[in-house]
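Below is one structure, written out as structure tokens, with a few remarks after it.
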Amino acid sequence: MAKDASSGTTSLVSRPVVVEGEISGEENLHVDGRVKGVIRLSGDLFVGASGVVEAEVDARSIVIQGAVTGKVLARRQLEVQPSGRFNGEATAASYEIRQGAVFEGVSRMLGSKPQAEKPAEPADPSPQK
Amino acid sequence: MGMFAKEKPETATPGSARSDSDTAFFGAKLSIKGKVTGSGNLIVMGKLEGEVDLAGELVVAPTAVLNGEFRAVTLAVSGNVTGTLIVREKIHLEKSAVVSGRMATPRISMVDGATFNGEIEMKKPADDTPSKRSDKK
């Protein structure tokens with residue numbers, strides 16, 4: 001089975017189309033319409049200027065020209081272009097946020113350990129004076 | 001006239017897919033669960049489970065597997081569809097089509113070799129859509 005989506009096709013959610021639910025697969029996806037729900041791709045997600053995504057996203061790279069809200073994982077890169085707006089929680093291996101773009105929320109680097117999971121050293125109640 | 005076909009300049013707009021952006025396309029390796037609504041045309045090559053309500057043409061490609069309830073203005077099937085098909089104008093089943101379930105449409109055509117198991121309900125569009133509400137969705 002070919003697992004490489006880079007050479008694969010790009011599916012399109014066109015401008016007058018709304019998808020509510022789960023989209024998954026080994027493809028790239030271009031969204032000019034609206035998607036609400038879950039997106040899981042082995043390829044890239046491209047959200048065009050008219051695109052609106054309210055979803056939990058897991059993709060290789062994510063390019064945002066429109067609006068994205070939700071919890072997003074970009075295994076390679078998250079790029080927010082000047083017209084793009086992101087609201088939510090992002091995890092990515094690298095970020096590119098252009099001038100003019102809106103990025104509101106939390107960003108984490110993929111690979112870095114989340115602070116909360118740092119093995120808590122037993123809180124030593126003894127005062128260190 | 002043909003010589004002017006290329007006249008439209010390709011400006012720096014990154015959304016070069018805009019010209020055919022009314023046709024949505026779900027590739028063979030894409031799987032969708034849920035509801036798809038809107039206008040324009042939709043070509044499905046992969047899996048789709050759920051509901052489609054489209055003010056346009058739905059094209060089910062040979063590789064496609066659909067399950068659920070589908071509403072469209074016209075429907076062309078070359079793939080596999082199970083469920084309910086409610087179509088306002090016409091349904092066409094290609095040779096490779098495998099359909100089971102219920103179809104409601106004023107017009108239908110099937111190519112020799114197409115498979116259909118189920119029920120067909122045919123109404124004249126006039127019965128269903130009085131002229132007053134022909135514009136209504």
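In the text below, chain A, chain B and the rest are named by the order of the sequence lines, each starting its count at 1.
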Can you give me every donor-acceptor pair (side chain of residues 98-108 of chain B, partner residue at least two apart or in another chain, under 3.5 Å) with its distance?
unit_1, atom_1, unit_2, atom_2, d
B:Arg102, NH2, B:Glu121, OE1, 2.9
B:Thr105, OG1, B:Arg107, N, 3.3
B:Thr105, OG1, B:Arg107, O, 2.8

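- For the residue pair B:Ala24 and A:Val13, the shortest heavy atom distance occurs at CB-CA, 4.4 Å.
- Residues A:Phe86 and A:Val102 do not share a hydrophobic cluster, defined by chaining ILVMFWY side chains whose heavy atoms lie under 4.5 Å apart.
- Remark: side-chain polar atoms of A:Thr9 are not paired, donor with acceptor, to backbone N or O of B:Gly27 under 3.5 angstrom.
- Taking B:Glu49 as the reference, nothing meets the salt bridge (Lys or Arg N to Asp or Glu O under 4.0 Å) condition, with sequence neighbours excluded.
- Linking ILVMFWY side-chain heavy atoms closer than 4.5 Å, directly or via other members, places B:Ile86 and B:Met122 in two distinct hydrophobic clusters.
- Evaluated for a side chain to side chain contact (heavy atoms under 4.5 Å, CB included) with B:Val36, the options A:Val19, A:Val18, A:Ile23 yield exactly one hit, A:Val19.
- Taking CD of A:Glu26 as the start and CG of B:Leu30 as the end, the distance is 10.5 Å to the nearest 0.5 Å.
- The same ILVMFWY cluster, assembled from side-chain heavy atoms under 4.5 Å apart, contains both B:Phe70 and B:Val87.
- Counting heavy atoms from C-beta on, the side chains of A:Val17 and B:Thr37 never come closer than 4.5 Å.
- Rounded to the nearest 0.5 Å, atoms OG (A:Ser11) and NZ (B:Lys29) are 11.0 Å apart.
- Looking only at side-chain heavy atoms (C-beta outward), A:Leu12 and B:Phe26 stay at 4.5 Å or farther from each other.
- Of the inter-residue distances, the one linking A:Ser14 atom OG with B:Asn41 atom CG reads 8.5 Å to the nearest 0.5 angstrom.
- Within 6.0 Å of CZ in A:Arg76 there are 12 or fewer heavy atoms belonging to other residues, nucleotides or ligands.
- By the rule that hydrophobic residues join a cluster once side-chain heavy atoms approach within less than 4.5 Å of another member, A:Met109 and A:Phe103 end up as members of one cluster.
- Note that OG of B:Ser31 is 10.5 Å distant from CD of A:Glu27, once rounded to the nearest 0.5 Å.
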